[in-house]
Structures are given as structure tokens and as C-alpha cells.
Asker: 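The structure under discussion is supplied below as C-alpha cells; questions concerning it will follow.
The figures here come from the full heavy-atom set of this structure, side chains too, leaving out hydrogens, waters and symmetry mates.
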Amino acid sequence: MKVIIAEKPSVAREIAKVFGATTKKDGYMEGKGYTFTWAFGHLLQLAAPQEYGFYGWNVQNLPMLPLKFKLAIRKVKTKDGMVDDPGVRKQLDIIKGLFDEATEIIVATDAGREGELIFRYIYYYLKCKKPFKRLWISSQTDEAIKDGFRNLKPGSDYDTLFNSAHCRSQSDWLVGMNATQALSLSAGTRSVLSLGRVQTPTLAMICARYLENKNFVPEPFYQVSIMVDKDGQVFRALNEEKFKTKEEAQLIIDEVRDTASGVPDGGHILSVEAKPRKEPPPLLHDLSSLQQEANKKKGFTADQTLTLLQNLYESKLVTYPRTGSRYIGDDVFAGVPVLIDKFKDHPEFGKQATALSGAKLSKRSVNAKKVTDHHAILPTGEIPYQLSPDRQAIYDLVAGRMLEAFHQDCIKEITKITVQSGSNFIASGTVISNAGWRAVFNEPDEDKKEEENASLPKVKQGENLPVTDKSLLEKQTKPKPMYNEASLLKALETAGKEIDDEELRYAMKDSGLGTPATRAAIIETLIKRDYILREKKNLLPTATGLAVYDVVKDHRIAQAELTGNWEKRLEEIRSGASVESFQEEIKAYTRDITRELLKAGKGMMIVKT
DNA sequence: GCAAGGTC
């Protein structure tokens with residue numbers, strides 16, 4: 001008997017379907033001489049400190065450097081403390097029974113570092129010795145699965161991938177457990193002051209932005225604008241120079257040849273530029289972009305969006321939610337026209353779905369090379385029935401984005417009129433001549449400038465028009481806004497570096513902080529620790545958060561670059577570099593940070609709020 | 001009581 005093990009039930013079911021195996025058993029399926037079972041993500045984790053003899057929280061134990069890490073069943077919190085998750089224990093028993101009967105195991109966990117770790121931890125925990133082969137696919141279509149089974153790889157091909165995964169796991173344990181105890185013990189508060197490779201740089205970003213915003217000194221500046229009249233249609237034109245003093249701006253005002261100063265046609269049209277601009281449709285959603293959109297449009301937290309999306313996924317209404325890819329492969333794209341047709345009767349999108357039906361679809365989101373473990377989020381085409389309003393809202397964001405992503409470009413007519421009246425003034429206006437993808441949600445363009453005119457009259461170069469008004473604008477420089485969940489999620493993708501270009505940001509995905517699946521949990525952890533709080537939409541540090549930031553801000557543990565460096569080393573391990581030298585560096589770093597925090601925490605000021 | 005990673 002061959003046993004196939006997947007990372008999660010949905011994938012096992014997909015594979016079983018391709019084989020034509022339909023017999024459902026408790027915790028697995030079977031048919032055609034194969035058995036299909038699954039994990040639920042990580043069933044096993046590195047054992048807690050007490051499993052190595054480090055009892056209690058005690059300075060004497062630090063740094064805790066286990067000689068050999070142990071594995072333990074995933075825990076759940078109950079009123080009696082942490083206990084083995086009963087569901088996990090049961091599934092492990094089922095897997096053990098199947099492995100015992102197996103002649104061969106086929107590893108079908110997700111094609112990536114963590115997928116490898118999920119299987120290997122099970123395999124080693126169960127002390128299994130059976131031979132195993134690896135299924136390596138990046139799409140779960142029938143064709144991709146069949147293809148993958150024709151090309152099974154030797155299990156040992158992925159030994160170095162496992163090594164890098166295991167190193168990642170141990171390193172996070174060593175640095176996180178030791179730093180957390182060191183700081184908590186030395187600060188002398190009885191509360192937990194947790195630190196970690198991901199959560200601490202995240203906290204640092206929130207605190208740094210908060211302080212920058214709070215300490216920002218606004219500087220006043222002055223600009224001049226005029227109102228110009230074309231046959232009764234009045235538009236605003238702005239002098240683009242920013243002046244530090246009122247007096248300088250006043251000189252510009254004084255030169256304006258407006259009607260009040262006795263000049264009937266004092267606005268000379270120097271030039272009129274009108275050019276169309278194409279705005280391509282947005283990419284399909286991955287989890288992070290959907291969380292950002294849902295936060296902006298509906299005010300949902302990252303955690304709420306993930307929960308709602310998981311619900312929709314379990315109801316088979318949307319594809320796998322925790323994806324980091326905004327693309328689909330050609331195989332999935334082939335099914336998109338049918339999918340679009342399913343929305344012809346949708347109350348909000350019906351018209352757009354009908355318009356798209358049979359039309360040429362944009363292929364911007366189609367790129368098999370950019371599909372990683374999972375493709376972008378799509379509706380499955382199943383018809384939803386009586387969704388709660390929140391679930392419906394998320395479902396509509398997914399469905400609407402699909403229609404947008406395959407729609408035509410939005411064509412904008414951008415007009416720029418330069419008016420001379422003493423100095424030069426510029427009027428700009430954007431008119432959408434063909435809405436394209438923007439017709440789906442039909443919402444105003446968010447990055448429109450304040451001074452932009454809704455529409456501009458037709459004027460000709462060389463014309464002289466009356467200037468009906470002139471005004472001095474008093475403005476102030478503004479600080480960067482505090483982080484909210486949307487802007488924080490975006491910043492985590494690029495580890496705090498500010499990159500606006502969508503494609504460029506996408507290229508940095510692998511060097512971001514955390515993963516799509518964990519970012520919501522990171523935010524919740526910081527809130528649970530009383531490091532940050534939600535105030536309206538913003539995420540603000542608490543006194544405790546700021547105190548922790550103050551202690552760690554100059555240490556590597558607070559810097560996103562730590563993850564970048566680890567990732568570089570882990571990638572080298574994956575391609576065969578020595579595991580030992582990295583492990584020694586991590587141990588040395590653990591000793592350093594523990595020693596420093598034991599000292600630094602003593603001077604820490606925790607103001608209890 | 002603690003990390004980050006995955007998922008019901």
C-alpha cells in the first residue's frame with residue numbers, strides 16, 4: 001500500500017479525486033490501492049524548555065541551549081494550562097497506523113520549506129523508516145497533479161531543504177525563548193515581555209513611526225492659486241512654487257492680472273496638454289493585499305479577514321486563502337471565462353461580468369512562474385447561499401477583484417493647462433474616458449490630488465481669459481501617518497522599506513517580515529502583550545511597547561535585516577552549505593543577546609497604565 | 001508564562 005500525505009485535508013481530497021479514490025475513512029481516504037491522509041499544518045513543534053530540564057523562568061538557566069531538540073505534539077491552551085491538542089494527537093495516531101502498513105510514502109505537503117518540515121517532523125517523531133518520495137507541484141489542477149505523480153522525486157533530494165527548515169525553526173526558538181526570558185526576568189515585571197525575530201522588528205516599526213509622527217514639527221509654507229473663467233466655467237490653477245514666507249508669495253499675488261485689478265482678460269493660456277493614460281488592472285489578491293483592502297474598505301482587522309476567508313474556504317467558496325502569490329497559471333486561467341459567467345446574475349457585479357463574458361481578458365495576473373506554493377485567491381464558482389454580511393463582504397472583494405483583474409485597462413484623459421498671469425499657474429484635471437476595470441467597484445480614485453479639477457473646460461493655446469480671483473494658500477508640511485493594519489501589512493511585505501511600485505514590491509516578497517499566514521497573528525501577539533493597541537484604525541504603541549522598544553532598538557533583534565541575513569544563510573544551506581557553522585553563529589548570537597538583555601532590562605522603565 | 005511556522 002502506498003500512503004500519500006498532504007499538508008491539509010483539502011489537498012489530500014484533490015489528489016484522491018484525481019486518482020478516483022472516494023472511500024472516506026476517519027482521517028484519510030482510500031481507493032485504487034492508495035491511501036490519502038493529511039496533517040493540519042504543523043502537528044509537531046520544538047518542545048518547550050522544561051522538556052530539556054530548564055524548569056521555571058530562571059536566570060540560572062540562561063541561555064538555554066538544548067544539545068538536541070525534541071519534538072512535541074502541538075499544544076492548545078485550556079483552563080489546566082497547555083495540553084496536547086486532542087485532534088492533532090488523533091490524526092498523528094491515524095498517520096502512524098497508515099505509515100506502519102505502508103510500503104512507500106509519497107510526500108505531498110506544500111512545495112516549500114515549511115511543507116518539507118511538516119512532513120519530516122511527523123516522519124522523525126513517529127520514528128518511521130519507510131522509503132518516501134516527494135511530490136512537487138505548484139498548482140492543484142488535475143493536470144498538474146497527474147504530471148507531478150509522473151515525476152516523483154527521490155525523498156533525499158529535499159534533505160537540504162529540510163536542513164534549512166529545521167535551522168529556521170531552531171534559530172527562532174533559541175533567540176525567541178532566551179531573549180523573552182532574559183528581558184522579562186531582568187525587567188522584573190511579572191508579565192511576559194516577549195521578543196522574537198519577527199514580532200520585535202514589527203514593534204520597532206510601529207514605535208519608530210509613532211515617535212517620528214509625534215515629534216514632527218510642521219513647517220508652514222505658502223502657495224498661490226487663481227481662478228480662471230472660461231465662458232462661465234471657472235477652474236483653479238496653482239502656482240507650483242512653495243514659499244517659506246508669506247512675503248515671497250505676496251510678490252506672486254501682486255503680479256496676478258486679475259479682473260479686480262482692472263485687467264479684463266489677464267490669464268494667458270500658454271499651453272494645453274491632453275494625453276490619454278492607460279492604467280492596467282490590479283493584480284489578483286493574495287492574502288496580504290486582501291487584508292489591506294478589507295481594512296481600508298470595511299475596517300476589518302487582518303485577523304478578522306483571515307478568519308472570514310478561512311470560513312469561505314471551508315465552505316468551498318474561495319480557493320486556498322493563505323497564499324503569497326497574486327498570479328495564476330495558464331491551467332487555472334483556462335477556467336476563468338466559465339468562472340466569470342457564474343457572476344452574470346450577481347446583484348453588484350452582474351453587469352460587469354456580462355460585459356466581460358466573451359471579451360478578451362487581461363493576462364496581467366497570469367504567470368505560472370510567479371505561482372509559488374499556491375496561486376492567487378479566486379472564487380471557486382460554487383454559488384454562495386445566505387452568507388453573513390461580513391462573509392459576503394469578503395467574498396465580494398474576492399469576486400470583484402477577479403472581475404477587475406481580467407478587465408480592460410482604464411483609460412484616463414489627463415489635461416494640463418498652463419496659465420500665465422504674472423507667473424505661471426497650472427490647472428490639471430483627469431477625466432476617465434473608458435473606465436475599464438474601474439467600472440467594477442466604481443469608486444473614486446484614491447490617489448487623486450487635492451487641487452485637481454473635477455473637469456476642465458475646453459480652452460485653446462493663446463486664449464486670454466479673465467482671472468476672477470486669486471488667493472494665498474497657507475499650508476503645513478505633514479508627518480508620515482501612524483501605521484494602521486493596512487499600511488503595516490504592506491510595510492511588513494518589504495520589511496519596512498518603502499516601495500510604492502506594485503511589481504517591485506512583489507519582487508521583494510521573500511525578504512519580507514513574517515509570512516502571509518502569520519502576519520495577522522503577529523499583530524494579535526503584540527496586542528496581547530500590551531505592546532500596542534488599536535485606536536480607531538491606527539496601531540499605536542503603549543507605554544510598555546515604547547519601553548521595550550527603547551531597550552532593544554539598537555540591537556539586531558529589533559531590525560528587519562536579521563531576517564534578511566537568516567534567509568540568505570538558509571538559502572545557502574538549502575543549496576548544500578554547512579549547517580553547523582550557521583548553528584554556531586546562532587548560538588553565539590543567543591549568548592550575546594541574552595547577556596545584553598539581562599543587563600539592559602534592569603534599567604527599563606515600565607509605566608503601568 | 002516564552003518564538004515562528006503551519007492550519008481545523
Asker: Base, sugar-phosphate or nothing for Val198(A)? Non-hydrogen atoms, less than 4.0 Å.
Answerer: sugar-phosphate
Asker: Can you give the first and last nucleotides of DNA chain B, 5' to 3', that have an atom under 4.0 Å from a heavy atom of chain A?
Answerer: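 It runs dG1(B) to dC8(B).
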Asker: Give one of base, sugar-phosphate or nothing for Pro49(A), where a contact means two heavy atoms less than 4.0 Å apart.
Answerer: base
Asker: Can you pull out the residues from residues 55-70 of chain A that lie within a 4.0 Å heavy-atom distance of DNA chain B?
Answerer: Trp57(A)
Asker: In terms of the nearest nucleotide of DNA chain B, which residue is placed more toward the 5' end: Asp172(A) or Ser184(A)?
Answerer: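 Result: Ser184(A).
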Asker: Counting the atoms with a prime plus P, OP1 and OP2 as sugar-phosphate, which does Arg197(A) contact under 4.0 Å by heavy atoms, base, sugar-phosphate, or nothing?
Answerer: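 The residue Arg197(A) makes sugar-phosphate contact but no base contact.
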Asker: Going by atom types only, do Asn484(A) and Ser487(A) share a side-chain donor-acceptor pair under 3.5 Å?
Answerer: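 Present: a donor and an acceptor within the cut-off.
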Asker: Please work out if Gln181(A) contacts a base, only the sugar-phosphate, or nothing of the nucleic acid, heavy-atom cut-off 4.0 Å.
Answerer: base
Asker: Under 4.0 Å, heavy atoms only, any strand: does Tyr313(A) hit a base, just the sugar-phosphate, or nothing?
Answerer: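 Contact class for Tyr313(A): sugar-phosphate only.
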Asker: Relative to Phe582(A), does Arg569(A) satisfy both conditions: NZ or CZ under 6.0 angstrom from the six-membered ring centre, and within 45 degrees of the ring's axis?
Answerer: no
Asker: Counting the atoms with a prime plus P, OP1 and OP2 as sugar-phosphate, which does Leu117(A) contact under 4.0 Å by heavy atoms, base, sugar-phosphate, or nothing?
Answerer: nothing
Asker: Would you say the ring centers of Tyr124(A) and Phe162(A) fall short of 6.0 Å from each other?
Answerer: yes
Asker: Do we get Lys8(A) above Tyr320(A)'s six-membered ring, with its NZ or CZ under 6.0 Å from the centre and within 45° of the axis?
Answerer: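 Positive - Lys8(A) is close enough to the ring of Tyr320(A) and near enough to its axis.
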Asker: Could you check whether Glu7(A) gets within reach of a base, just the sugar-phosphate, or nothing at all, counting any heavy atom under 4.0 Å?
Answerer: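 Contact class for Glu7(A): sugar-phosphate only.
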Asker: May I ask you to check whether Phe149(A) and Phe19(A) place their ring centers less than 6.0 Å from one another?
Answerer: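 Ring centroids of Phe149(A) and Phe19(A) are less than 6.0 Å from each other.
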Asker: Specify the residue among Leu185(A) and Ala39(A) whose closest nucleotide of DNA chain B lies further upstream toward the 5′ end.
Answerer: Leu185(A)
Asker: Going through the checks in order, is the side-chain contact (heavy atoms from CB on, under 4.5 Å) test met by Lys298(A) and Glu293(A)?
Answerer: CA-CA 8 Å; Lys298(A) 307 285 172 190; Glu293(A) 193 93 345; over 6 Å; no
Asker: Classify the ring geometry of Tyr158(A) against Trp136(A): parallel below 30°, tilted from 30° to 60°, perpendicular beyond 60°.
Answerer: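 Ring orientation of Tyr158(A) relative to Trp136(A): parallel.
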Asker: Have a look at Glu524(A) and tell me which of Arg534(A), Arg519(A), Arg529(A) forms a salt bridge (charged side-chain N to carboxylate O under 4.0 Å, His left out) with it.
Answerer: Arg534(A)
Asker: Does Asp85(A) reach a base, just sugar-phosphate, or nothing at all? Heavy atoms under 4.0 Å.
Answerer: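 Nothing, no nucleic acid heavy atom in range.
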Asker: Only pairs under 3.5 Å count here: list side-chain donor-acceptor contacts from residues 589-597 of chain A, not counting sequence neighbours, and write none if there are none.
Answerer:
{"unit_1": "Tyr589(A)", "atom_1": "OH", "unit_2": "Ile557(A)", "atom_2": "N", "d": "3.2"}
{"unit_1": "Thr590(A)", "atom_1": "OG1", "unit_2": "Ile586(A)", "atom_2": "O", "d": "2.8"}
{"unit_1": "Asp592(A)", "atom_1": "OD1", "unit_2": "Arg595(A)", "atom_2": "NH2", "d": "3.3"}
{"unit_1": "Thr594(A)", "atom_1": "OG1", "unit_2": "Thr590(A)", "atom_2": "O", "d": "2.5"}
{"unit_1": "Glu596(A)", "atom_1": "OE1", "unit_2": "His555(A)", "atom_2": "NE2", "d": "2.8"}

Asker: Base, sugar-phosphate, or nothing for Thr518(A), non-hydrogen atoms under 4.0 angstrom?
Answerer: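 The answer is base, as Thr518(A) lies within the cut-off (heavy atoms under 4.0 Å) of a base atom.
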